[in-house]
Amino acid sequence: MKVFFVSMIVLFSIVVNAQKAKEAPIFSTKDGAIKGYDPVAYFISSQPTKGLKAISHSWNGATWYFTSEANKKLFADNPEKYAPQYGGYCAYGWAQGYAVKIEADAWAIVDGKLYLNYNKSVQKDWDKDRAGYIKKADDNFKRK
């Protein structure tokens, strides 16, 4: 009976942690997820571009805005591909173990993933060891 009880606790813990991973908080302001910037535009236009209120999509508890219906469709079809890492919080901040706000113009695409930073000054520090900071941030984000 004791083994069954312990097994049930472990199983419950796995399910709860998997659910938390799916429901990672998204950095959102009154302007929407990632301050209303179109996440797809970083990939398509190689620049931060403010989305339009008329073109929105709800995903993972946040409202995302887009510059075109085509970008909206790309995101809706595969949000994990276009959504920024760490819920859109600062990649350098997560490397330190903290969820920190971002500025939309402090960004990078690394290995096909979008990373945002607190500001351009912080991004310069992050750029010195992107791979190392990404590893630290990935580890911290998984433990949250």
Side-chain angles (χ1 to χ4, degrees), residues 5-144:
F5 182 69
V6 171
S7 297
M8 292 306 292
I9 290 173
V10 170
L11 181 61
F12 178 75
S13 175
I14 290 169
V15 170
V16 168
N17 286 333
Q19 187 66 23
K20 281 183 183 177
K22 289 180 186 176
E23 297 175 358
I26 301 295
F27 176 71
S28 191
T29 64
K30 64 178 176 42
D31 294 320
I34 62 171
K35 295 187 171 187
Y37 281 79
D38 179 343
V40 178
Y42 289 96
F43 294 88
I44 303 295
S45 305
S46 298
Q47 65 183 10
T49 307
K50 196 81 159 168
L52 305 171
K53 296 280 184 185
I55 307 174
S56 67
H57 177 73
S58 292
W59 177 73
N60 210 12
T63 302
W64 301 77
Y65 295 103
F66 303 91
T67 57
S68 69
E69 288 291 337
N71 283 10
K72 175 183 170 180
K73 181 171 178 7
L74 285 169
F75 185 87
D77 289 347
N78 192 358
E80 289 83 8
K81 178 178 179 176
Y82 296 103
Q85 300 301 293
Y86 320 121
Y89 286 90
C90 176
Y92 183 85
W94 266 113
Q96 311 309 313
Y98 302 102
V100 180
K101 69 179 184 166
I102 54 92
E103 290 300 327
D105 64 344
W107 65 282
I109 294 175
V110 179
D111 296 328
K113 297 179 181 181
L114 175 61
Y115 296 90
L116 301 170
N117 284 118
Y118 178 76
N119 60 28
K120 287 187 176 191
S121 176
V122 167
Q123 185 177 23
K124 285 180 185 176
D125 287 335
W126 184 77
D127 284 341
K128 292 175 186 174
D129 184 16
R130 286 180 177 180
Y133 288 126
I134 289 170
K135 178 163 181 4
K136 287 179 187 176
D138 286 350
D139 292 343
N140 289 335
F141 194 70
K142 287 176 190 170
R143 283 192 288 250
K144 68 172 179 44

Chemist: Do you know which two heavy atoms are closest between Asp38 and Val40, and how far apart they sit?
Modeler: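 That would be OD1-N, 2.8 Å.
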Chemist: Got a sec, which residues hit salt bridge (Lys or Arg N to Asp or Glu O under 4.0 Å) with Lys135, two or more places apart in sequence or on another chain?
Modeler: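 Lys135 satisfies salt bridge (Lys or Arg N to Asp or Glu O under 4.0 Å) with Asp139 once adjacent residues are dropped.
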Chemist: Which atom pair, heavy atoms only, marks the closest approach of Tyr115 to Ala91?
Modeler: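 Of all heavy-atom pairs spanning Tyr115 and Ala91, the closest is CD2-CB, 4.0 Å.
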Chemist: Count the heavy atoms of every other residue, nucleotide or ligand shown that sit under 6.0 Å from NZ of Lys53, and state whether that count exceeds 12.
Modeler: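 Enclosed.
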Chemist: Tell me if the centroids of the rings in Trp64 and Tyr82 come within less than 6.0 Å of each other.
Modeler: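 Centroid distance Trp64-Tyr82: not below 6.0 Å, so no.
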Chemist: Is the closest side-chain heavy-atom distance between Phe27 and Lys35 below 4.5 Å?
Modeler: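 Yes, close enough: below the 4.5 Å cut-off.
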Chemist: Is there side-chain contact between Trp107 and Tyr37, with at least one heavy-atom pair below 4.5 Å?
Modeler: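 The answer is no; the side chains never approach within 4.5 Å.
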Chemist: If every non-hydrogen atom of Gln96 is compared with every non-hydrogen atom of Tyr133, which pair is closest and at what distance?
Modeler: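 Minimum heavy-atom contact is NE2-CE2, 3.9 Å.
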Chemist: So how far is it from Asn71 CG to Thr49 OG1, rounded to the nearest 0.5 Å?
Modeler: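 Between Asn71 CG and Thr49 OG1, I get 8.5 Å after rounding to 0.5 Å.
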Chemist: Got a second to check how far Asn119's CG is from Lys101's NZ, nearest 0.5 Å?
Modeler: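 If we round to the nearest 0.5 Å, Asn119:CG and Lys101:NZ are 9.0 Å apart.
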Chemist: Quick check: does any side chain N or O of Lys72 sit under 3.5 Å from a backbone N or O of Ser56, one acting as donor and the other as acceptor?
Modeler: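 Yes, because the side chain of Lys72 sits within donor-acceptor range (under 3.5 Å) of the backbone of Ser56.
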Chemist: Please tell me if the side chains of Tyr86 and Ile134 come closer than 4.5 Å, counting only heavy atoms from C-beta onward.
Modeler: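 They are in contact (side-chain heavy atoms under 4.5 Å apart), so the answer is yes.
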Chemist: Has the side chain of Tyr42 got a donor or acceptor atom that lies under 3.5 Å from a matching backbone atom of Ala104?
Modeler: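 Between the backbone of Ala104 and the side chain of Tyr42 there is a qualifying donor-acceptor contact (under 3.5 Å).
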Chemist: At their closest point, which heavy atom of Ile26 faces which heavy atom of Ala33, and how far apart are they?
Modeler: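 Residues Ile26 and Ala33, closest heavy atoms: CG2-CB, 3.8 Å.
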Chemist: Determine whether more than 12 heavy atoms belonging to other residues, nucleotides or ligands lie under 6.0 Å from atom CG of Asp77.
Modeler: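 More than 12 heavy atoms, drawn from other residues, nucleotides or ligands, come within 6.0 Å of this atom.
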Chemist: Which atoms form the tightest heavy-atom contact between His57 and Phe66, and what is the distance?
Modeler: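 It is CB-CE1, 3.7 Å.
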Chemist: Nearest 0.5 Å, what's the OH-CG distance between Tyr92 and Asp127?
Modeler: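 Between atom OH of Tyr92 and atom CG of Asp127 there are 11.5 Å.
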Chemist: If you round to the nearest 0.5 Å, how far is CG of Asn117 from CD1 of Ile102?
Modeler: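 Reported value, rounded in 0.5 Å steps: 9.5 Å.
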Chemist: Any side-chain heavy atom of Trp59 within less than 4.5 Å of one from Glu80?
Modeler: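 Contact flag for Trp59/Glu80 side chains = yes.
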Chemist: State the CD1-OG distance between Ile109 and Ser46, to the nearest 0.5 angstrom.
Modeler: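 Between Ile109 CD1 and Ser46 OG, I get 6.5 Å after rounding to 0.5 Å.
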Chemist: Considering only heavy atoms from C-beta outward, does the side chain of Lys50 approach that of Asp31 to under 4.5 Å?
Modeler: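 The answer is yes, as the side chains (C-beta and beyond) meet within the 4.5 Å cut-off.
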Chemist: With side chains defined as the heavy atoms from C-beta onward, is the minimum distance between Val122 and Asp125 less than 4.5 Å?
Modeler: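 No; the side chains remain at least 4.5 Å from each other.
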Chemist: Do Ile44 and Leu74 touch side chain to side chain, with heavy atoms closer than 4.5 Å?
Modeler: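 Result yes, sub-4.5 Å side-chain heavy-atom pair found.
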Chemist: Rounded to the nearest 0.5 Å, what separation is found between the CD atom of Gln85 and the CH2 atom of Trp94?
Modeler: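 If we round to the nearest 0.5 Å, Gln85:CD and Trp94:CH2 are 12.5 Å apart.
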Chemist: Kindly indicate whether the side chain of Pro84, heavy atoms from C-beta on, has any atom under 4.5 Å from the side chain of Tyr89.
Modeler: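 Pro84 vs Tyr89: side chains apart.
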Chemist: Which pair of non-hydrogen atoms, one from Gln123 and one from Asp105, has the smallest distance, and what is that distance?
Modeler: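 Nearest heavy atoms, Gln123 then Asp105: OE1-O, 4.3 Å.
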